[in-house]
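Below: the structure, in structure tokens.
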Amino acid sequence: MQRTGDPALNIFEISGLAWAAAVDRAMQVLAAEPEVDFDAYQQSPGAVAMRLLDPADTSRLDAELRGAGFVGPDGAIRAQWLLAVAISATAPIRVSAVARTADESAHTDLALAGGRGIAVSYRRRVRTTAAGTDVPGVHDVVEVALFEEQHAWAAVRRILPDHAELLAGTPSAGSTPSREGGRDVVGARELQDPGNAGVDPDITAAVLAPRCTVYLDVVAAPPGQAAAYLASDVWSLADNLYSVRTSGDGGGSLVLVDAAPGDIARELSWRLLGAREFLAGAAGKVA
Amino acid sequence: MSMYGMDVESGRRLSEELSRAGERLLAMSAELTPAITGAVWEGRDGARFREDWKGHRQRLIGAGNALKAASNTVKRDVEEQVYASEHGGGAAGVEAGIARRPGGESLWQRLGLDRLGSDLPGEAGDLWSQTGKFISTVGTATEFTWNWLQDGAPIPVRNFMDAQANLVEQVGHTGDMGWRWLTTGEPPSLTEVVSNGVLLRAGALSLAATALSLGTYNPHLLDDGRPVAGDPVPVPVGDPAEVDKDGRPNTPVPATISAILATTNAAYADEGKPGTPDAAVRITSVHKPGEPDAYVISIPGTTRWYPDGAANATDLTGNLQLAGGNMSTAAEAVRLAMEKAGIPAGSPVMLSGHSQGGMIAATLASDPSFTNRFNVTNLVTFGSPIDSTPIPSRIDVLALQHQGDPVPKLDLGDFTLGPDGSVSASQDNSVVKVTLPNPAVDPGAAGIGYHDGGEYVKSTGNLEDHGPIADYAQKESTQKFLTSDPGQASSTVSSISRKQ
């Protein structure tokens with residue numbers, strides 16, 4: 001992630017533990033609110049760990065939160081950060097995005113409510129093998145971004161590596177991908193057979209050694225209701241950008257569809273719109 | 001606080017008075033503070049007075065904000081009263097996505113979401129104001145702390161990580177929120193998927209009621225689906241308050257712009273009717289003597305698609321709605337419906353869409369492979385974010401937005417960063433954007449109530465006899481699609497969906 005600003009966002013970069021401490025302070029204040037499950041929080045391992053920190057660590061975190069403006073001179077969390085944490089805890093619309101390269105994974109979790117948004121972003125080192133993905137290193141930094149809801153894309157874009165195909169805000173004119181010739185189905189056998197000339201090398205690279213894989217989930221859940229909405233998308237970038245689907249046969253095959261630069265931004269907008277329509281419908285309104 | 005039976009006008013006046021009183025107190029504080037702090041008054045008494053003033057000022061601001069909050073409470077109750085009276089029911093209870101306490105306020109309103117903007121000295125100000133702020137307490141040293149957990153984390157945190165796995169699914173939102181930077185799992189790589197057949201893992205978002213155990217996806221969520229469209233089914237043209245034998249509202253006579261919108265709105269009611277199980281578009285053709293037939297394609301918002309045969313089958317609780325298909329698939333399904341309807345090349349075509357339907361319409365209008373096949377001359381959208389879609393200038397576009405509808409603001413590419421960090425905002429297309437006054441309905445969360453298609457029909461109907469909507473209707477291109485003669489219009493409905 002860049003260490004510079006974005007005009008659409010207000011960004012606060014603090015240590016990961018300081019963010020956990022800020023959330024803890026806010027949860028103590030919000031304990032009596034019916035929308036917040038304080039009992040569950042108190043029993044959570046994270047809250048327990050926070051209570052077990054020694055005074056030196058707690059003082060250090062207090063100083064950091066004061067320096068960032070999260071708390072006042074008396075150590076009480078400021079009203080607007082209380083609101084930010086409340087939105088993060090109870091927002092009806094959430095977006096989760098992961099951008100993974102060969103050795104690093106960048107995450108961002110967005111919460112959108114009342115026309116405002118908060119994004120918490122963080123990075124890890126990763127190591128991918130056939131057996132799975134390890135996390136050998138954690139970056140002790142989180143970036144908390146605050147923004148107006150219509151700038152959700154700016155918050156997601158911030159974790160994406162510097163590739164134009166990923167960062168583009170809108171598909172260029174005439175670039176709507178055609179499915180004719182732009183759809184490939186690949187399975188393990190095709191990829192692992194070195195003599196198989198039937199798979200485009202870029203498709204092989206997109207599955208086995210992509211420059212970046214992007215995962216995007218949008219969830220909407222009205223408070224107090226069991227209904228929920230879930231939308232998910234995956235993209236893979238080799239020389240070209242592909243939208244990744246599953247083949248529907250449960251056999252581990254993937255379908256890679258050509259995606260134009262800007263497809264991620266456009267789908268985010270599409271998904272958020274769907275989430276809004278779902279919430280409006282759940283509240284008895286026709287979207 | 002319910003105010004059943006309250007005189008609405010009195011309530012509105014009370015709300016305005018409370019707001020004005022609050023503003024007066026806030027203004028008084030803002031005016032007095034520089035006068036007091038700037039006054040030449042040396043010595044202990046002067047210092048004490050200025051120190052005391054800080055407390056008085058806080059109380060003034062608190063009282064001012066309290067009056068404004070009371071004003072908003074009264075205003076909301078007035079709106080609920082109006083809504084209840086118009087819709088014949090009880091007061092609107094639940095905002096889309098925000099639970100209300102019996103007193104009417106949501107958590108965020110109790111926390112002051114509607115009165116942010118403190119001007120206390122030393123405060124951060126509104127955290128959401130767009131100043132492009134970047135504040136860091138960590139500096140650059142942390143670039144070397146990738147092994148923080150092993151080497152630098154306090155022991156309670158190391159113990160917490162050692163003892164736990166897949167915490168996210170166990171504790172839910174409130175427990176993990178401060179720790180997700182440490183505890184969130186990684187989605188599987190594509191290599192893992194093809195090697196092990198591992199289902200792509202959901203993002204680590206716990207749901208109150210979920211079929212996603214251990215973070216694995218519902219197997220149909222990412223299934224590839226091809227767009228499908230059904231054969232056109234005739235629908236009567238006439239009074240939309242009447243329905244045909246299948247329960248579909250009639251297609252309104254396309255006499256006005258609001259009638260065009262009403263047809264798009266009627267298409268929402270086609271979902272679930274015989275022949276249109278998922279979503280549907282309506283195609284209205286206008287036959288004027290001596291002119292080629294003109295076609296209006298009415299596209300509602302459509303996100304509730306399911307892979308063929310999988311509707312709700314994979315959701316154990318019946319409560320999880322999967323957003324199957326993406327925008328490209330939806331747009332292609334509309335194209336297929338138009339092909340099946342046999343719209344001739346060269347015939348004038350108007351695309352009309354609400355919400356996601358407007359996004360589909362704008363995307364099709366900007367696609368040369370589509371416009372080479374269909375002669376799109378007009379585009380009418382309502383409640384849709386289309387500012388950034390590069391629609392050719394030869395197409396006459398009317399984009400309608402209620403002032404408080406948050407959805408059209410979900411737009412992309414409004415900001416571009418120059419190499420020197422400068423910013424420009426621009427629209428990429430020549431769109432006649434008309435901002436309509438908000439309807440008198442419950443605004444809902446961040447104004448989502450203003451997004452309702454039916455409200456757009458009413459608002460447009462109230463304003464289309466003059467101004468920019470009238471100007472658009474009088475355009476030569478638009479006139480091809482408008483007729484007050486029911487005999488000159490015919491309509492069909494086509495299902496659109498996706499299929500494995």
Under 4.5 Å between any side-chain heavy atoms of B/F134 and A/N10, yes or no? no
A/G274 and B/Q356 have their tightest heavy-atom pair at N-NE2, 3.4 Å
With sequence neighbours left out, the residues meeting ring pair (Phe, Tyr, Trp, His ring centres under 6.0 Å) with A/W19 are none
Applying a strict 4.5 Å limit to non-hydrogen atoms, the region of A/L30 in contact with chain B is side chain
With chain B, the option among A/A154, A/G117, A/A22, A/G72 that has the most non-hydrogen atom pairs under 4.5 Å is A/G117
Subject >> Any A/R266 side-chain heavy atom under 4.5 Å of B/S328 side chain >> reply: yes
#### Entry: Any side-chain heavy-atom pair of A/R100 and B/P187 under 4.5 Å
yes
With a 4.5 Å heavy-atom cut-off, do B/W179 and A/L17 have their side chains touching? yes
| Are B/L127 and A/W81 side-chain neighbours, meaning at least one heavy-atom pair lies under 4.5 Å? | yes
The interface call for B/M327 against chain A, heavy-atom contacts under 4.5 Å, is both
Within a reach of under 6.0 Å around CD1 of B/I155, are more than 12 heavy atoms found that belong to other residues, nucleotides or ligands? no
Closest non-hydrogen contact found for B/M359 with A/S269 is CE-OG, 3.8 Å
So, the part of B/L364 with a heavy atom under 4.5 Å from chain A: the answer is neither
Note: A/V135 and B/E186 closest approach over all heavy atoms is CG2-CG, 3.7 Å
The interface call for A/V85 against chain B, heavy-atom contacts under 4.5 Å, is both
Got A/Y122 and B/R180 here, is their nearest side-chain heavy-atom distance under 4.5 Å? yes
Test your reading of the model: is there a side-chain donor-acceptor pair from A/Y215 to the backbone of B/P188, 3.5 Å cut-off? yes
OG1 (A/T90) and CE (B/M177) are apart, to the nearest 0.5 Å, by 8.5 Å
Here the gap from A/R124 atom CZ to B/W181 atom CH2, rounded to the nearest 0.5 Å, amounts to 9.5 Å
Separation between CG (A/D140) and CG (B/L182), nearest 0.5 Å, reads 8.5 Å
The interface call for A/V98 against chain B, heavy-atom contacts under 4.5 Å, is side chain
What one should report as the nearest heavy-atom pair of A/D233 and B/N326 is OD1-CB, 4.5 Å
Quiz item: Taking C-beta and beyond as the side chain, do A/F12 and B/K133 meet within less than 4.5 Å on heavy atoms?
Solution: yes
**Asked** Do B/T137 and A/S15 touch side chain to side chain, with heavy atoms closer than 4.5 Å?
**Response** no
Rounded to the nearest 0.5 Å, the CD atom of A/Q80 sits from the CH2 atom of B/W128 at a distance of 6.5 Å
Most heavy-atom pairs under 4.5 Å with chain A, out of B/I135, B/V157, B/T371, belong to B/I135
Closest non-hydrogen contact found for A/L273 with B/P385 is CD2-CD, 3.9 Å
Greatest number of non-hydrogen atom pairs under 4.5 angstrom with chain B, of A/T213, A/D134, A/D54, A/L53, falls to A/L53
